[in-house]
There are 2 protein chains.
Amino acid sequence: MPHAPRPRGPKPIRMDPDRILDAAQEVFARDGLRAASLRAIAKQAGCDPALIYYHFDSKEAMFTALLARRFPPILQELEVVAAADDPRPTALRLWEVVRIYHRHLKADPAIRSLIRGEIVRGAEGLSDLIEARIRPIVMAIRSILDQGVARGDLRADLHTLLGTFFLARMHLEILDLLPTVLPRLMGLPHDQAVETGLHVWFDLYWRGIARDPLAPLPPLPELTVDTPAIKETRP
Amino acid sequence: MPHAPRPRGPKPIRMDPDRILDAAQEVFARDGLRAASLRAIAKQAGCDPALIYYHFDSKEAMFTALLARRFPPILQELEVVAAADDPRPTALRLWEVVRIYHRHLKADPAIRSLIRGEIVRGAEGLSDLIEARIRPIVMAIRSILDQGVARGDLRADLHTLLGTFFLARMHLEILDLLPTVLPRLMGLPHDQAVETGLHVWFDLYWRGIARDPLAPLPPLPELTVDTPAIKETRP
DNA sequence: GGTCCAATTCAACGAATGTTGAATGATGGG
DNA sequence: CCCATCATTCAACATTCGTTGAATTGGACC
């Protein structure tokens, strides 16, 4: 018995390409770039796989679009903190970097793994796209370290580029691995793992780069500020 | 015109399963676990894909065998350094850990990416196999940190488990990412990237964990000792 | 020299993937 | 009301993948 012929044309609800990107982000986060299939993304978005090709050129183009949506806000916030006339002590500015990173990347394992994977794979020449996105971010953080050296807060022989690499990468490693590793190796519950890890890490890192390692850190603001007003409401 | 019928039976040279593992390691290193195909591994080993199934149960079994071949030697060397009666200063023992890690994992991006990938993916419960291999290694390194605290070399409030995580993970991040990132962001040539990164990192790390961060590090032995006698000669 | 086993290859299967072309319905302007 | 354009779906394509069963051969042993 043949079913009633399915209606072909458009659904009553138009599909916003941003909705597809949301779905892609979610599936990428769960399965990784390579393993995430277009069919899974389409299912998540509630549409046909072919529709994705109407809005995007290819799977890779979706990745590009995801980057374009994700990076500029991060860079914008970082550049505020990195402004040369920011009067706050270097430790606080660096902690602010950690907080910005955290707010934007904590809930998005897809972007984290995509970027890292792309860098690892592209040994020959990391894709220009990624480099164009990452370089300004690195430079913003690095300039805070440079200013810290100039102001006498940080040790004079600090390798500021590597210092940037260490700060940012370990943050992402903590996000990616500690929630799995720490509960298994000790009893720490899932949520505390990342928070604890980041605080211990920042304390260690600061001692490593400060001109006066034994001076106590100033009180650090909470990692994430709850903004209960803004909720994800999607019609 | 049909070619001469290919000989079916065994080649004159028997295929050592270790040869297949070598090939798998190489292809895994190049393409990653998921993307590496059995056909590519078979080609690299110079045999038919089906032969792999004669020697191993599945693709995953090859991974298991790779781990079993790789980890015990690392653990064995680490446990020598971690012996409680080792009289060397803590800084030197930790640098020895770095050197051991380096010797065994530097040339093997496959293992590095496999382990990390497995941990990231297995958020629910990192595969027991991996945990069984990793836990003793973590504990060996951690015991050096614990002894360092007890001896008064390291700060009393050191979180030794996270300290282990930081040391080992950043080492692997340096191996995986710096050769690609550093030459792109500055002029540093490929080979120096890892060596420079590791020295700067260890210096920063030591300041972060030492009881007296400003005391200079003792002279550190070279990262890798050339052993020109042992060459990879395969008939 | 015959027989058996271990090692190897060939060919194919079913499933999944990225992608495309044609068909179809809705929407809005004239 | 008609028609063009847009958004969507269906069905299929070619590839690739992990895996398997049958066929084949070399060597060891009697």
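No hydrogens, no waters, no symmetry mates; every other heavy atom, side chains included, goes into these values. Residue numbers start from 1 in every chain, and the chains themselves are labelled A, B, ... in the order their sequence lines are given, proteins ahead of strands.
- B:K43 and B:D48 are not joined by a salt bridge, as no carboxylate oxygen comes within less than 4.0 angstrom of a charged side-chain nitrogen.
- At a threshold of 4.0 Å, the pair A:D31-B:R34 does not count as salt-bridged, since none of the basic side-chain nitrogens sits closer than that to a carboxylate oxygen.
- Nearest to the side chain of A:L38, among D:dG18, C:dC10, C:dG18, sits C:dG18.
- The CZ atom of B:F56 sits 12 Å away from the P atom of C:dT8 (whole-angstrom rounding).
- In this structure, B:Y53 places its OH atom 16 Å from C1' of C:dC10, rounding to the nearest Å.
- We find that CG of B:D16 is positioned 13 Å from C1' of C:dA7, with the value rounded to whole Å.
- Taking the six-membered ring where the residue is Trp, the centroids of B:H199 and B:W95 are separated by under 6.0 Å.
- Comparing A:A50 and A:S37 by the nucleotide of DNA chain C that holds the closest heavy atom to each, the one mapping nearer the 5' end is A:S37.
- Atom-to-atom, CZ of B:R34 to C1' of D:dT16 comes out at 15 Å; the value is rounded to the nearest Å.
- Taking atom CD1 of residue B:I52 and atom C1' of nucleotide C:dC10, one finds them 15 Å apart after rounding to whole Å.
- Of all nucleotides listed (C:dT19, C:dT8, C:dT9), C:dT19 comes nearest to the side chain of A:S58.
- Using a 4.0 Å cut-off between a side-chain N of Lys or Arg and a carboxylate O of Asp or Glu, A:R30 and A:E26 do not qualify as a salt bridge.
- Protein atom NZ of A:K43 is 17 Å distant from nucleotide atom C1' of D:dT9, rounded to whole Å.
- A rotation axis mapping the C1' atoms of four pairs onto the next four is fitted at both ends of the helix from C:dG1-D:dC30 to C:dG30-D:dC1 over five pairs, and the angle between these axes is 10° to 10 degrees.
- Here the side chain of B:K59 is nearest to one of D:dT19, C:dT8, C:dG18, namely D:dT19.
- Across all strands, A:A36 comes closer than 4.0 Å only to sugar-phosphate atoms, never to a base (heavy-atom distances).
- In this structure, B:D48 places its CG atom 14 Å from P of D:dT20, rounding to the nearest Å.
- The side chain of A:R39 approaches C:dT19 more closely than any other nucleotide in the set D:dG18, C:dT19, D:dT9.
- Nearest to the side chain of B:Y54, among C:dT17, D:dT8, C:dT8, sits C:dT8.
- Comparing D:dT20, D:dT8, C:dA7 by their nearest atom to the side chain of A:H55 picks out D:dT8.
- Taking a cutoff of 4.0 Å between a charged side-chain nitrogen and a carboxylate oxygen, B:D176 and B:R116 do not qualify as a salt bridge.
- Counting only distance, with no hydrogens or angles, the side chain of A:R93 and the backbone of A:V81 share a donor-acceptor pair below 3.5 Å.
- Closest non-hydrogen pair, A:F28 versus A:L66, comes out as CD1-CD1, 3.6 Å.
- In this structure, the CD atom of B:E60 is 14 Å from the C1' atom of D:dT19, given to the nearest Å.
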